[in-house]
Amino acid sequence: MPVRVRFAPSPTGYLHMGGARTALFNYLFARNQGGTFVLRIEDTDLERSKPEYTEVIHEALDWLGMTVDEGPYFQSQRTAIYQAKALELLEAGNAYKCFCTPEELEADRERALKEGLKQMYSRVWRDRRDHPEGLPFVVRIKAPLEGAITIDDMVQGPVTVGAEELDDFVILRSDGSPTYNFVVVIDDATMNISHVIRGKDHLNNTFRQIPVYTALGFDVPIFGHLPLIDGLSKRKGSMSVQHYRDLGYLQEAVINYISRLGWSHGDQEIFTMDELIEFFGFDHVGRSSGRFDDDKFLWVNAEWMKRLDDRDLATRWLPFLAKAGFEVSVDERLLGIVAVMKERAKTLVEMTEAAHYFFSDEVTLDEGAVKKWFKPGLEVIFEDIVADLSALQSWTPEHVQAVYDAHCAKHEVGLGKLAQPTRVSVTGNTVSPGLFETLYLLGRETTLARLKAGLAIMKERAAGDA
Ligand code: GLU
């Protein structure tokens with residue numbers, strides 16, 4: 001049986017991390033098995049479904065590198081198919097018209113509540129033939145009255161539900177529109193889906209759907225209900241894939257992190273998409289996903305920042321730099337900055353903030369750092385350093401270092417005493433990559449201008465002390 005799986009989002013919002021994990025497990029399974037990955041847009045809820053969310057879902061899947069092989073199919077375009085199937089069920093006696101009014105249903109519900117019984121439709125119309133003319137009706141499926149349904153879930157193992165738990169749910173509303181649990185079955189069956197892989201929150205639906213498969217004479221697919229991810233539901237709005245993209249997370253890191261929410265491969269933490277495709281299987285999908293862990297996710301992203309090739313990372317960095325007002329292009333200098341900064345920043349946004357002094361002359365010196373490091377007496381040494389740096393033949397990290405080494409020796413001070421006030425002058429603070437690499441990347445002109453400005457402050461402070 002060829003493997004055919006589907007991702008079936010409802011276009012009612014952004015693609016969040018839980019949805020992306022469902023998509024990924026379907027995608028990895030399809031690729032691992034040489035199968036087909038189908039996209040189906042479940043837009044039957046006309047009020048909440050919006051075309052722009054379909055766009056957003058496409059954009060997120062594209063960005064994450066999950067290529068769709070077939071689709072998208074839109075449920076909203078398949079109403080005629082669903083209605084024809086409902087008619088088929090009615091004719092075969094596997095579904096029936098129910099003429100209960102909302103008031104009658106409400107009264108039933110209240111009675112059940114009072115008597116402490118399960119609130120379930122009474123099935124009064126299941127076998128009645130005295131159908132009134134011209135009154136509105138819904139169509140209900142005939143669920144089994146006895147026995148039990150067992151599925152052998154790829155993740156949850158065997159799960160059984162007794163017939164007493166199942167109700168004759170509505171498959172066509174009184175306006176003729178089909179309901180969700182009905183259309184999903186028809187879609188999965190007619191699209192020849194071999195494995196239905198979705199969140200465990202759909203497990204109850206599965207048991208309601210199986211009688212529909214049986215009634216329509218369809219084969220029941222294999223199911224895999226993925227464990228829910230703790231800590232996601234409360235933060236729904238802020239958990240979209242695009243949200244993390246805009247925070248400067250890399251797609252490799254998103255894929256890597258969500259792959260581990262419920263799946264493992266020994267102790268390995270970092271995976272490329274190719275490795276995931278190679279290793280993925282349901283034998284290692286567990287019944288728990290664990291908690292969504294922001295720190296771990298950030299760590300995975302930091303690892304991917306280091307792993308990416310400088311040019312690739314620089315290209316992905318450009319939009320973040322542009323957003324911060326820095327219009328640069330990928331050149332030797334930018335590659336040099338990426339090489340030193342990617343080891344220290346955990347996201348592209350963090351890297352933009354940390355590297356601002358390479359792109360902007362608006363460097364504000366931190367007051368505390370100035371107080372701590374601009375010691376009286378330094379102005380004499382810095383006057384010399386500025387002069388020597390101006391006279392350097394060639395501006396390389398090695399030549400710049402030679403100037404500093406010479407002044408450490410001449411004035412008998414440790415490098416730290418000169419390095420920190422230099423950093424404060426050129427970056428505003430005491431945190432930067434290797435000093436000589438930083439000065440080299442800033443270039444002679446910028447370095448000297450900033451050192452001179454720092455020197456002026458040193459002199460002012462010395463004069464104030466005197
Ligand atoms: N449209 C459903 C959802 O977004 C998915 C249902 C399914 O996978 O069967 O939760």
Side-chain angles (χ1 to χ4, degrees), residues 3-30 35-58 60-61 64 66 68 70-79 81-82 151 153-156 159 169 171 177-213 216 218-229 232-233 236-237 239-241 258 261-262 282 285 289:
V3 166
R4 287 176 57 85
V5 293
R6 82 315 192 263
F7 177 50
S10 307
T12 54
Y14 281 78
L15 180 64
H16 63 87
M17 299 297 268
R21 196 269 314 251
T22 301
L24 180 65
F25 282 25
N26 274 286
Y27 176 79
L28 294 177
F29 187 61
T36 306
F37 178 56
V38 177
L39 178 63
R40 182 170 75 226
I41 303 294
E42 303 208 315
D43 56 351
T44 42
D45 184 341
L46 293 177
E47 278 190 0
R48 290 173 59 225
S49 299
K50 301 241 157 32
E52 55 266 36
Y53 288 131
T54 299
E55 267 318 297
V56 158
I57 290 164
H58 274 299
L61 291 178
L64 292 172
M66 291 189 239
V68 171
E70 202 180 296
Y73 296 104
F74 291 88
Q75 283 182 335
S76 59
Q77 295 169 5
R78 295 167 53 84
T79 312
I81 303 174
Y82 308 136
I151 60 165
D153 193 274
M154 291 194 290
V155 181
Q156 308 296 328
V159 190
F169 71 88
I171 59 172
S177 63
T179 60
Y180 174 71
N181 274 316
F182 182 54
V183 304
V184 167
V185 171
I186 295 166
D187 286 345
D188 284 338
T190 57
M191 292 171 193
N192 294 315
I193 298 303
S194 60
H195 297 72
V196 170
I197 300 160
R198 58 187 170 200
K200 196 184 164 197
D201 47 338
H202 285 284
L203 190 56
N204 283 337
N205 284 335
T206 298
F207 287 99
R208 304 179 87 201
Q209 290 167 12
I210 286 176
V212 182
Y213 281 97
L216 285 169
F218 291 141
D219 288 338
V220 177
I222 296 169
F223 293 98
H225 289 90
L226 308 177
L228 301 183
I229 304 161
L232 268 195
S233 55
K236 237 176 194 158
M239 297 304 289
S240 75
V241 169
I258 61 179
L261 293 170
F282 277 90
V285 175
S289 295

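Every number for a ligand or one of its atoms is a count from 1 in the order of the listing. All residue numbers refer to positions in the sequence shown, counting from 1.
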Within 45° cone and under 6.0 Å: R21 NZ/CZ vs F25 ring:
yes
Sorted by chain and number, the residues that approach ligand 1 to under 4.0 Å with a heavy atom:
R6, A8, P9, S10, E42, Y180, R198, H202
Under 3.5 Å, is there a donor-acceptor pair between the S10 and R48 side chains?
no
Any side-chain donor paired with an acceptor under 3.5 Å for N181 and Q209?
yes
Please tell me whether F282 and F29 form a close aromatic pair, meaning their ring centres lie under 6.0 Å apart.
yes
Candidates R4, R6, R40 - the one meeting salt bridge (charged side-chain N to carboxylate O under 4.0 Å, His left out) with E70:
R4
Does V241 reach the side chain of L64, with side-chain heavy atoms less than 4.5 Å apart?
yes
